[in-house]
Amino acid sequence: MTKFVFVTGGVVSSLGKGIASASLAALLESRGLKVTLIKLDPYINVDPGTMSPFQHGEVFVTDDGAETDLDLGHYERFIETRMKKTNNFTTGKIYQSVLEKERRGDYLGKTVQVIPHVTNEIQEFIQRGAGIGTADAVDVAIVEIGGTVGDIESLPFLEAVRQMSLRLGPNSSAFVHLSYLPWIATAGELKTKPTQHTAKELRAIGIQADVLLCRADRRIPDEERAKISLFSNVPEWGVISMWDVDTIYKVPRMLHEQGLDGLICDKLRINTPPAQLKRWDDLVYEVEHPQNTVKIAMVGKYVDLSDSYKSLNEALRHAGMKSHARVQIEYIDSETINPGNVGKTLGAFDAILVPGGFGKRGIEGKICAARFAREQKVPYLGICLGMQVATIEYARHVAGLKDANSTEFEPDTPHPVIALITEWKDADGSIQQRSASSDLGGTMRLGSQSSDVADGTLAHQIYGPVVTERHRHRYEANVNYLDQLRQAGLVISALTQREQLTEIVELPQKVHPWYVGVQFHPEFKSTPWDGHPLFNAYVRAALAHQAATSDNRKPVAA
Ligand code: GLN
């Protein structure tokens, strides 16, 4: 029977609830259990797909095409179970479903209310996420509830899990609450009061925490732990310290050493072999013992918020570890780049990356960066928008298609080398229509798709004959220009199996050592264990470029 761990947060947000949940899941998985994680988000958007990265950080995409909270990225990087549409839902999605049922008449004339209709719906979604009633049912589902206790928005979720725990009966669920202890420098003390309050707030809703994960900038002394235990009604061994660390991969061991996984297994009456932490220890060793450093310029728009490129940052770091290198990423605002300063701005990097993005702002700077990388033979990786930018740049400056552009940025461009395709077949064979005025939610090419990779290409060396990666974009390389681009020397190295859409472009290796643009988002599939073949190859190319140019490395004049 599936057991549940409900993870809630108190005091403030951004304490690392996602990492804590993922770490617990990893510990349980290492004990041989089948585990999944489910994220509940209290906001009213149906999913984060239409939210700005400034609001919500990265939108993570699953194989089955769900646009989800970035915590699902942590989940996939920490555990083996792959996330699906059913692993993340919001208040908006719950209400959407309740309202559909109401319109269909499923409630048989009853007054539809938060309790029980919304809370029941939440419980059904949780059960679906845990795979209950299917072959995918897990041993333990860890349910992370977004927001902080005390928010009006998250109340129905907390009420739903309280009811669920009651319904499941004893030893079937556990509550973990993440709290915060501020260090007051003038007093020289860690303060326990906010934690006392948040545990009390939780009790007022009817939830008694079994574990308090106490975030602080330092380890919490036993005296304070005893005090918290007394006031919060959590046994002392359940008061666990979670201090700041320099790498998130240290968190599983930190929690294990204080007995978190043992405590949860006891509470849920689960008998397993002990947790295995060798792979985590090896990982931390690798993080702490790099032999080289590579400097990568990430030329993007959302540079002030590194959460916008969470998976990408992680993928680059994973690839670094595979090459025993520390990857130093410098974010460069593409709006500040122009032909006059590009050499000075990008000249000292080992590689250039243009990540995904939406909208016109900063596009010309990205085109400039792609041109610089091509002409100066600096390794270039263009992801999604970064591939489109590379294609536009090549069209303009090599294929002679003056003012080539994407119709996303210039609807009347004379050469729409990137454009919307207006009709489109989905995985289930249904035809989707897309136009510039379509609803923003739900008009994208989303999720996993396969394409054939052409023999003899760099992409083929990296991926082999087939590439399967995840997508999240609206525009495509315009098939009407492919021949012209090919004649001008651009290699189209992968096309989708179904629609023959461009998936990978590259430059021949005799022209440029490493220049690749991909229409998909490879970063979503990188794990700390294996890295990712494309990023691994990119970081190796950056190291090779560094070795080849280290003697005469200085900013290049434009
Ligand atoms: N804006 C581009 C499109 O919609 C690229 C999207 C992206 O980079 N994820 O096609």
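When a ligand or atom number is given, it counts from 1 through the structure's own listing order. Just so it is clear, the model here is predicted, and its values are computed rather than measured.
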Using the ring of each side chain (for Trp, its six-membered ring), is Tyr515 parallel, tilted or perpendicular to Tyr380, with breaks at 30° and 60°?
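Correct class here is parallel.
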Is the ring pair Phe78/Trp280 parallel, tilted or perpendicular, if the boundaries are 30 and 60 degrees?
tilted
Looking at Arg371 and Glu375, does any basic side-chain N land under 4.0 Å from a carboxylate oxygen?
yes
With side-chain contact (heavy atoms from CB on, under 4.5 Å) as the criterion, how do Val378 and Phe349 come out once you've worked through the C-alpha distance, each side chain's angles and the decisive distance to 0.1 Å?
CA-CA 8 Å; Val378 183; Phe349 289 95; 5.7 Å; no
Atoms in ligand 1 with a heavy atom of [X] nearer than 4.0 Å:
| X | answer |
| --- | --- |
| Glu408 | 1 (N), 2 (C), 3 (C) |
| His521 | 9 (N) |
| Cys384 | 5 (C), 6 (C), 7 (C), 8 (O), 9 (N) |
| Arg472 | 6 (C), 7 (C), 9 (N) |

Could you walk me through whether Tyr481 and His415 pass the ring pair (Phe, Tyr, Trp, His ring centres under 6.0 Å) test, one step at a time?
CA-CA 8 Å; Tyr481 282 93; His415 296 297; 5.7 Å; yes
Within-cut-off N or O pair, Gln519 and ligand 1, under 3.5 Å:
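Between Gln519 and ligand 1 (N or O atoms, distance only) the closest approach is not under 3.5 Å.
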Output yes when the distance from some N or O of ligand 1 to some N or O of Ile383 is under 3.5 Å, and no in every other case.
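Between Ile383 and ligand 1, no N or O pair is found under 3.5 Å apart.
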Might you work through the salt bridge (Lys or Arg N to Asp or Glu O under 4.0 Å) test for Asp63 and Arg470, ending with a clear yes or no?
CA-CA 6 Å; Asp63 276 328; Arg470 301 180 192 173; 2.9 Å; yes
Looking only at protein heavy atoms, identify the closest one to atom 10 (O) of ligand 1 and say how far it is in Å.
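Residue, atom and distance for the closest contact: Tyr475 N, 2.8 Å.
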Heavy-atom distance to atom 8 (O) of ligand 1: which of Gly300, Gly357, Pro355 wins?
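The residue whose heavy atom sits nearest atom 8 (O) of ligand 1 is Gly357.
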How does Gln388 reach ligand 1, if at all, at less than 4.0 Å between non-hydrogen atoms: by side chain, backbone, both, or neither?
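Side chain only.
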Apply the test salt bridge (Lys or Arg N to Asp or Glu O under 4.0 Å) to residues Glu364 and Arg396: give CA-CA distance (whole Å), side-chain angles for both, the deciding distance (0.1 Å), then the verdict.
CA-CA 12 Å; Glu364 290 303 319; Arg396 282 189 197 172; 3.0 Å; yes
